[in-house]
Visitor: 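Right, I'll just put the structure down here and ask away after.
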Number of protein chains: 4
Amino acid sequence: MVENADRLRAGELVLLVGDDKRTFLLRVMPGQVFETHRGILYHDTLIGKRWGASVSTHLGNPYMLLPPSLDELIRGIKRSSQIIYPKEIGYLLMKMNIGPGTRVIEAGTGSGGLTLALARMVQPTGRVYSYERRADMQSLARKNLERLGLAEGVEFKLRNIAEGFDERHVDALFLDVREPWRYLEQAHAALRGGGFFGALLPTTNQVSTLLGALEGAAFGFVEVEELLLRAYKPVPARLRPVDRMIAHTGFLIFARALLAEPPADETSPPSSPEGQKGADEPRAEK
Amino acid sequence: MVENADRLRAGELVLLVGDDKRTFLLRVMPGQVFETHRGILYHDTLIGKRWGASVSTHLGNPYMLLPPSLDELIRGIKRSSQIIYPKEIGYLLMKMNIGPGTRVIEAGTGSGGLTLALARMVQPTGRVYSYERRADMQSLARKNLERLGLAEGVEFKLRNIAEGFDERHVDALFLDVREPWRYLEQAHAALRGGGFFGALLPTTNQVSTLLGALEGAAFGFVEVEELLLRAYKPVPARLRPVDRMIAHTGFLIFARALLAEPPADETSPPSSPEGQKGADEPRAEK
Amino acid sequence: MVENADRLRAGELVLLVGDDKRTFLLRVMPGQVFETHRGILYHDTLIGKRWGASVSTHLGNPYMLLPPSLDELIRGIKRSSQIIYPKEIGYLLMKMNIGPGTRVIEAGTGSGGLTLALARMVQPTGRVYSYERRADMQSLARKNLERLGLAEGVEFKLRNIAEGFDERHVDALFLDVREPWRYLEQAHAALRGGGFFGALLPTTNQVSTLLGALEGAAFGFVEVEELLLRAYKPVPARLRPVDRMIAHTGFLIFARALLAEPPADETSPPSSPEGQKGADEPRAEK
Amino acid sequence: MVENADRLRAGELVLLVGDDKRTFLLRVMPGQVFETHRGILYHDTLIGKRWGASVSTHLGNPYMLLPPSLDELIRGIKRSSQIIYPKEIGYLLMKMNIGPGTRVIEAGTGSGGLTLALARMVQPTGRVYSYERRADMQSLARKNLERLGLAEGVEFKLRNIAEGFDERHVDALFLDVREPWRYLEQAHAALRGGGFFGALLPTTNQVSTLLGALEGAAFGFVEVEELLLRAYKPVPARLRPVDRMIAHTGFLIFARALLAEPPADETSPPSSPEGQKGADEPRAEK
């Protein structure tokens, strides 16, 4: 017996995978039609199909119905700029403690690849504040997220971040901009004490400049790391790395926001821990 | 003015970082005492301190108060077995679409490093089913998660997975066992159609064996990948990779559960999409 | 004043590099003509030109005159098979102690990429014995080496190496064949005691099979290594790795030929070191 | 029957490998004695032994007699400075066309690791000019090479290379110094037209500085490359990369010396190629 949960429902996202390996991402909507040069599929025929099943177009070409991964969603978005790759996104989630409930700022929004991953991972109580200077980019990113049903947890802001961020005490802040060193003061003002700062930069010169600026600002615990992904041909009797790989996506820089200067009251124990008393809504633990 | 959210409260996890770079993970509890050879800290003096601040022991040694990252939690657990590294965990979250709301099986539990990351990321509505054959390992993992306040979303099961998994239609299933190829039938029975299968293996021989078994079982879209992490010395004027790095943690294998054989009713559109009608509780979208 | 040694002479190899970055390898011969779609160059106009100078075709397109590196010679040969890359060749020279005076066997010859490097490096007193089963491949390799003036130190042999090698006591032996484990006995018979064995294999399965066979044969000090070459964009203000790289060329396996069984006379010191007395022509030291 | 060439002779270098994997490099000299805490070996008992054989100390500990590789010689030298690793040396031989007959300059000499490889490879007609500013380093390197019988082809020069090199029209020049950009003019003056320039630098900042300087000097065809060596555990049934690797040895920079400015006579064919006529000793072809 097959449970309902194992069947496609209207409104769900589905990845169609042809036997030519081409994939299409759909949100299944009653009455709609999917068309390629390989034939037509009526969405209504998809509703109620089992996940993992194959369906055929009117020309007889089969498509398999798969739930899309976050990796596939990111690779599938429309883009007009370089996106951050899933390997970097997965790693920064771990290093910057981003998950359900996190309040996180990113800039710039770009095509929204990182935005959608953040939006997905901070659900349902967290929040993504995504800053972008160019209206066209923001519009593209917003459409990408709306298409995936992930725009709700995101506040898109059209802003030159030199003017600062609106938020305070956010848990994490990621800068995917050309000159992140120009915005460290603004970033620090937005982060909670000890909050997570991250950036991605393609050149070593940029990394050096950012490192120098972080030394001068109130950040500590700086790390620079790089991830290399090597794929193998999945042939049991002839296992080997693939011939070519992506050699560079960027350098990841991580740091923590320190207190600019210890406030006077930090030198002695607080006389009464009011901060705790007033906390009638305990925060989800990070 | 400093908001309450920016101050340590009783019950929160805090990472103490000494100026000797040694770190300690504490849950701050009124009345308790933290002791090292570098001096004593009363938890009560930590409550109400600002995150990012420094406190000193009675011997005058400073410790900085930082919110711990998931990366630091994983590296900090007590372990009696090899753990999966954060770079692999972050990546498998992306590839296996694990996030808020996901129902995921893992085996074996081991020391609980992956378990805690999964538990953190599927909050609040998802669920982790963690299978382990050895009672001592399970006990260690359970203590690790309880200490971090992350045990609630996890069902620990003491079981030889050759006997199968209790769950059906789970979104994802990860095998961190020596011979995953022995459990593919059980894994397939537990996964939803198109569900995400993953495994981590240290040797190429194991990878070949698993690849061969996946070909024989109803899995498709197989990938083998490896992540290398390269750290750099974060010195602005002398930027360079560190001298030595971890050269190998394991090969990641990903696949999708296919339908064993297309059921008869898949060849024509379902006469009525009841599956959809009865869905009074729309699932969170993956 | 410019010395004669700094000018092109008839008979020398020259690399012509166009401003479109295309390169051509020529042996400069009086009376000959070089033609491309970018114009004509008379070899006679090249003779006497300074190395590093530019010359123009009758259409005004410039070509720079450079001495070719061994790297460029190897990349430039006509090939009908996968060649071994310069990074592997350079490394195996070091690991297998191949240099002036070395006697080395290789099989198969293939397109002659490794052959030419060996021929160049063992000059003038060493010798390369190059075995190949296919006449067409041997012919191609021979032409490649003759064109570069490097065929003299090479003995090309058309042979299935299952029948064994003619030579004995060679310093080094390299197998670039699909199933090197089939020829270990033959290889051992050809090598001097302690001699250097090497192989290049693309898949992990082949490496495992060869390792198993080496354990059973009289080889020791086995190593498996892999070289990755990462190129950077040479832009001073924007230094970064190039986007894509070759992820795999092959696994290098090195071993040493051991004595199959210690001969009886090895258990006691030789009564008189005759071996040394007869040596009226001291060998060049490796 | 065993040929004489297969037996150790007085004066040869031998690598002794204990069953504890410790190795010792000896030049076998009649009458001398080798001593370790594992026992005594009389050189006279080694002479006439077969290569690849085992001999035992008076305490019964076995040592195998192997011809040393260039890799092992380099790793075995006494050093008071960072050496260049064999993987980089092998590669630069290929890229800089260094082999029998090459005239090559290096600076600084350091402990002589690269010097000995160069000395070995340019035999018998080439020449190594090795510059060093510190007398103690030069002395160490000279001893290292003399011990290996490789000092003959090397001219050691005690000199601050800011003062320039004595040689002209050398084929190749390698700078292993902290600030190679200071000596580009001197390097250019020493190189033949189109000659090979190389350098090794540990930091990206240094690479950027050198790249900028090369742009301003008469060098072209600049490349920046990095080699990573990954070793595998050579166990047939459990093949896997070793746990840790050397993550960084340095960035290799290669370039070609161009003519500073095309001399007037280059615009028309030379009236008579005298350069060629006078060449009564044809150079070995590169």
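Below, chain A is the first sequence line, B the second, and so on; all start at residue 1.
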Visitor: From A:L228 CG over to B:K87 NZ, what is the distance, rounded to the nearest 0.5 angstrom?
Guide: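 Separation between the atoms: 10.0 Å.
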Visitor: Quick check on B:L92 against chain A: is it the side chain, the backbone, both or neither that has a heavy atom closer than 4.5 Å?
Guide: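 When you check distances to chain A, no heavy atom of B:L92 falls under 4.5 Å.
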Visitor: Can you tell me how far CG of A:L66 sits from CZ of B:F196, rounded to the nearest 0.5 angstrom?
Guide: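 Between atom CZ of B:F196 and atom CG of A:L66 there are 7.5 Å.
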Visitor: Is A:A172 close to chain B through its backbone or its side chain, or both, or neither, when contacts mean heavy atoms under 4.5 Å?
Guide: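 No part of A:A172 comes within 4.5 Å of chain B.
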Visitor: Give, for atom CZ of A:R230 and atom CG of B:L252, the distance between the pair rounded to the nearest 0.5 Å.
Guide: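 So the CZ of A:R230 and the CG of B:L252 are separated by 14.5 Å.
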Visitor: When rounded to the nearest 0.5 angstrom, what distance separates CD1 in A:I98 from CZ in B:R120?
Guide: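 These two atoms lie 9.5 Å from each other.
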Visitor: For residues B:M94 and A:L93, determine if any side-chain heavy atom of one lies less than 4.5 Å from a side-chain heavy atom of the other.
Guide: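 A side-chain contact under 4.5 Å exists here.
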Visitor: Against chain A, label B:A213 side chain, backbone, both or neither, depending on which of its atoms sit under 4.5 Å from a heavy atom there.
Guide: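 B:A213 has no heavy atom closer than 4.5 Å to chain A.
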Visitor: Keeping A:R256 on the side-chain end and B:G52 on the backbone end, is there a donor-acceptor pair under 3.5 Å?
Guide: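 Looks like no, no N/O pair under 3.5 Å.
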Visitor: If you round to the nearest 0.5 Å, how far is CG of A:L229 from CD of B:E225?
Guide: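 Output value for this atom pair is 4.5 Å.
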Visitor: In chain order, what residues pass the salt bridge (Lys or Arg N to Asp or Glu O under 4.0 Å) check against A:R75, with sequence neighbours excluded?
Guide: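 Once residues adjacent in sequence are excluded, the partners of A:R75 under the salt bridge (Lys or Arg N to Asp or Glu O under 4.0 Å) criterion are A:D71.
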Visitor: Return the option, out of B:I253, B:I89, B:L227, B:V207, with the maximum number of heavy-atom pairs under 4.5 Å with chain A.
Guide: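 Greatest number of close heavy-atom pairs with chain A: B:L227.
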Visitor: With a 4.5 angstrom heavy-atom cut-off, is it the side chain or the backbone of A:E72 that approaches chain B, or both, or neither?
Guide: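 For A:E72, the side chain is the part near chain B, not the backbone.
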Visitor: Of the backbone (N, CA, C, O) and the side chain (C-beta and beyond), which part of B:E215 lies under 4.5 Å from a heavy atom of chain A, both, or neither?
Guide: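 Just the side chain, heavy atoms under 4.5 Å.
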Visitor: Applying side chain to side chain donor-acceptor pair (under 3.5 Å), name anything that partners B:T209, two or more places apart in sequence or on another chain.
Guide: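 B:T209 satisfies side chain to side chain donor-acceptor pair (under 3.5 Å) with no residue once adjacent residues are dropped.
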Visitor: What is the distance from atom CG of B:D171 to atom CH2 of A:W51, rounded to the nearest 0.5 Å?
Guide: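 One finds 10.5 Å between CG of B:D171 and CH2 of A:W51.
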Visitor: For the residue pair B:F221 and A:V17, establish whether any side-chain heavy-atom pair is separated by less than 4.5 Å.
Guide: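 They are in side-chain contact.
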Visitor: Looking only at heavy atoms, what is the nearest atom pair of A:P67 and B:G193, with distance?
Guide: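 Looks like CD-O, 4.0 Å.
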Visitor: Pick one of side chain, backbone, both or neither for B:Y42, based on which atoms fall under 4.5 Å of a heavy atom in chain A.
Guide: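 No part of it gets close to chain A.
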Visitor: Is any side-chain heavy atom of B:D6 closer than 4.5 Å to one of A:R168?
Guide: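 No, every pair of side-chain atoms sits at 4.5 Å or beyond.
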Visitor: If I compare all heavy atoms of B:S208 with all of A:L239, which pair ends up nearest, and what's the gap?
Guide: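 Taking every non-hydrogen atom into account, OG-CB, 3.8 Å.
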Visitor: Minimum heavy-atom separation for A:N97 to B:P68, with atom names?
Guide: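 That would be ND2-O, 3.3 Å.
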Visitor: Pick whichever of B:A237, B:A257, B:G194, B:P241 has the most heavy-atom pairs under 4.5 Å with chain A.
Guide: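 Heavy-atom pair counts peak at B:G194.
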